[in-house]
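Input: a single structure, listed below in structure tokens.
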Amino acid sequence: MSWQWNDDGKWRAFLAKDVKLLEKAFTRKTKELTASLSFNPDQTYQFNFVKMTQTNEDTGMQRQIRRIADEDDEDDDDEEAPAKKRQKTKPTKTSKAEVHWEFQNDDGSKWIAYKPKDSKELEEAFTSNMKKLTTSDLSFSSTAYTFDFQKMFQRNNSTKTRRPIRRVCVEEDEDEQDNNSCPLQKTVVTHQNPHYSRWAGVNSIPVSKDVHGNADGTDYDLAPDHAYKGDKIVVLNEYHLENFDFGMPLKALKDKGFKVKLFQCKDAKTLPSPAVLDKEMQDATQLWLIATSNGMLAKGHRDVIKKHFNQGKGIYIWGDNVPYYVDANVLGKDLLGATMEGNWIGGKTVQHAPKRGKKGGGGFGSHLITTGLENLFEGVTVANIQLSEEMETIAWASDGKPLIAVYDQDGKRAMFDGGFTRLYISWNEAGTARYVKNAAAWLHNWEGRLGQSDD
């Protein structure tokens, strides 16, 4: 088979590499293909196999295309057409490396492998330099899905649900052998969305540990360093006792690339006005509030925060032991139906306990926010939280009561935390810096932003 494009009434043949790309997509019953072509690699083309058109996405130029048998080829004067058929070469065997594809489950805690048939289809599209694949020829569904190999997500074209995907290579390592002198296998994630590290959702990582028993090094955070370069966080810090100035969290967030607009709100007069807050939130991805013992937020502030929350901006609400949670409770009740209370003298390190719900006691579950954490300092004095049905507890204080909960519904994310002493007391205790960075990466909610411009 050959493929041709119409050049102002004259049919011209695509080059062999591009023919292979088009033929693969067409025979898989792909409706649309987005890819670059060998003769013009700097521009992107969209091919519609229903309308049989080619559209240059940069210029908007559209041309007709056609698929014909080799003996009917009309492009006799095309200089690129070979004088004779090229000999076929056998593909090189890759028996020592196996590639498969995976998608992320609903709560982001686990990667699940596609069935071999679907992995093969994705791999063929990916290695053919496709930027997107739209297909309904999948083993798990007859619904059309679009796979974006640049943003690395899959989208159900009916429900618009999106999930992150990644490409994984399992190789034999000739330099490492088991007791039977057989090469050991190693798993390498070759392609994944740059917002999350390859360890996203994994708590116990098989590398050297720091003195607190967590994976040592920032490579094992939820997000790579500088992954969120230029993304803005607005912080309203109402608490100023014990010289707390948000300095250590600020440095940690900047390591991931976040730009932080910090308001030191010592009283209602130093709180930004609703208009200023609204302006700062326009280009922000999230807002953090650290509450104190008196309320500062007026209705105008709460309305601005609620507006941006409903637009998909992340919200982190921090409180602590009584009475340092006034605005945390006002905002928590308003946005999430959640409050906090109490005065538990904690000061302990709690452990990763995925089955903690059945056993009770302190600990934290598996979640993207707890990536790379096996031990976490709970804070010095903490409040326990009363959460709504739409929320999920991800950490419990050493008294067994909920300490940290998350909201993840309808494209909106929020966190509600009863232990802000974690931000400045014993900062170097187990996992605090990693936890703060992971929280910001999760609240950024890049999954909820995936492919929004495609709809």
Side-chain angles (χ1 to χ4, degrees), residues 99-114 119 122 126 147-155 161-170 186-210 213-229 231 233 252-253 255-258 285-286 314 316 352-354 364-376 392 394-395 404 406-408 411 413-415 431-451:
V99 173
H100 69 270
W101 287 75
E102 299 176 346
F103 64 90
Q104 208 169 53
N105 68 346
D106 288 336
D107 64 11
S109 63
K110 189 182 300 182
W111 288 95
I112 302 170
Y114 288 96
S119 269
L122 294 177
F126 179 81
F147 297 86
D148 189 313
F149 298 118
Q150 292 182 304
K151 297 179 180 178
M152 294 299 284
F153 72 87
Q154 73 171 35
R155 181 185 64 196
T161 299
R162 299 173 176 84
R163 296 177 187 272
I165 62 175
R166 69 181 185 181
R167 181 177 184 264
V168 179
C169 181
V170 181
K186 61 179 181 180
T187 300
V188 179
V189 178
T190 66
H191 290 80
Q192 181 172 306
N193 191 289
H195 289 92
Y196 286 169
S197 75
R198 61 167 294 195
W199 300 106
V202 179
N203 293 91
S204 180
I205 300 173
V207 296
S208 61
K209 310 293 184 179
D210 63 19
N214 295 317
D216 192 13
T218 61
D219 288 345
Y220 310 108
D221 298 341
L222 172 59
D225 287 346
H226 313 297
Y228 295 90
K229 187 175 181 179
D231 287 321
I233 300 175
L253 293 172
D255 287 343
K256 294 305 174 186
F258 286 106
T285 63
Q286 54 194 283
Y316 200 144
H352 176 231
F364 56 92
S366 296
H367 194 279
L368 286 174
I369 297 168
T370 62
T371 294
L373 293 172
E374 296 181 67
N375 300 281
L376 180 64
E392 173 192 1
I394 64 167
I404 307 169
V406 298
Y407 177 94
D408 189 7
R413 285 183 172 176
M415 297 181 65
T432 305
R434 174 166 292 158
Y435 169 81
V436 166
K437 291 181 283 187
N438 288 358
W442 183 78
L443 284 170
H444 180 275
N445 194 18
W446 67 264
E447 303 96 322
R449 305 167 192 270
L450 286 175

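Note that this is a predicted model, so its numbers are computed, not measured.
- Within the 4.5 Å cutoff, the side chain of Y196 has heavy atoms near those of the L368 side chain.
- Atom CD1 of I165 and atom CG of L122 lie 6.0 Å apart (nearest 0.5 Å).
- The backbone N or O of A223 lies less than 3.5 Å from no partner atom in the side chain of S197, so there is not a single donor-acceptor pair.
- The salt bridge (Lys or Arg N to Asp or Glu O under 4.0 Å) pairs that include a residue from residues 199-210 are K209-E374, where partners are two or more places apart or lie in different chains.
- Annotation for A440 and L253: closest pair CB-CD2, 3.5 Å, computed over non-hydrogen atoms.
- Using a 4.5 Å heavy-atom threshold, the side chains of R155 and D148 count as separate.
- Heavy-atom minimum distance, A215 versus I205: CB-CB, 4.1 Å.
- Across all non-hydrogen atoms, the minimal contact from L222 to A441 is CD2-CB, 3.9 Å.
- Residues V406 and R413 are not in side-chain contact: their nearest non-hydrogen atoms beyond the backbone lie 4.5 Å or more apart.
- No side-chain heavy atom of I394 sits less than 4.5 Å from a side-chain heavy atom of F364.
- Scored by the ring-ring contact (aromatic ring centres under 6.0 Å, His included) test, Y228 finds H195, F258, H444 as partners (sequence neighbours excluded).
- Between the CZ atom in F153 and the CD atom in Q104 there is a gap of 14.0 Å [rounded to 0.5 Å].
- Listed for the N375 side chain is no donor-acceptor partner under 3.5 Å among the backbone atoms of N214.
- Remark: Y316 engages D417, Y435 in a side-chain hydrogen bond (donor to acceptor under 3.5 Å, both in side chains) (not counting sequence neighbours).
- Listed by chain and residue number, H100, R166 satisfy the side-chain hydrogen bond (donor to acceptor under 3.5 Å, both in side chains) test with E102 (two or more places apart in sequence, or in another chain).
- At a threshold of 4.5 Å between non-hydrogen side-chain atoms, the residues L373 and R434 count as touching.
- Inter-residue side-chain proximity for I404 and M415 is flagged as met; some heavy-atom pair is nearer than 4.5 Å.
- Taking the side chain as every heavy atom from C-beta outward, V202 and Y220 never approach each other to under 4.5 Å.
- Contacts of K256 classified as salt bridge (Lys or Arg N to Asp or Glu O under 4.0 Å), with partners at least two apart in sequence or in another chain: D221, D225.
- D255 pairs by the salt bridge (Lys or Arg N to Asp or Glu O under 4.0 Å) definition with K251, not counting sequence neighbours.
- Residues W111 and P164 come closest through the heavy atom pair CZ3-O, 3.6 Å.
- T370 is linked by a side-chain hydrogen bond (donor to acceptor under 3.5 Å, both in side chains) to N203, counting only residues two or more places apart in sequence or in another chain.
- For D216, there are no salt bridge (Lys or Arg N to Asp or Glu O under 4.0 Å) partners, not counting sequence neighbours.
- Checked against the 6.0 Å centroid criterion, the rings of F147 and W101 do not qualify as a close aromatic pair.
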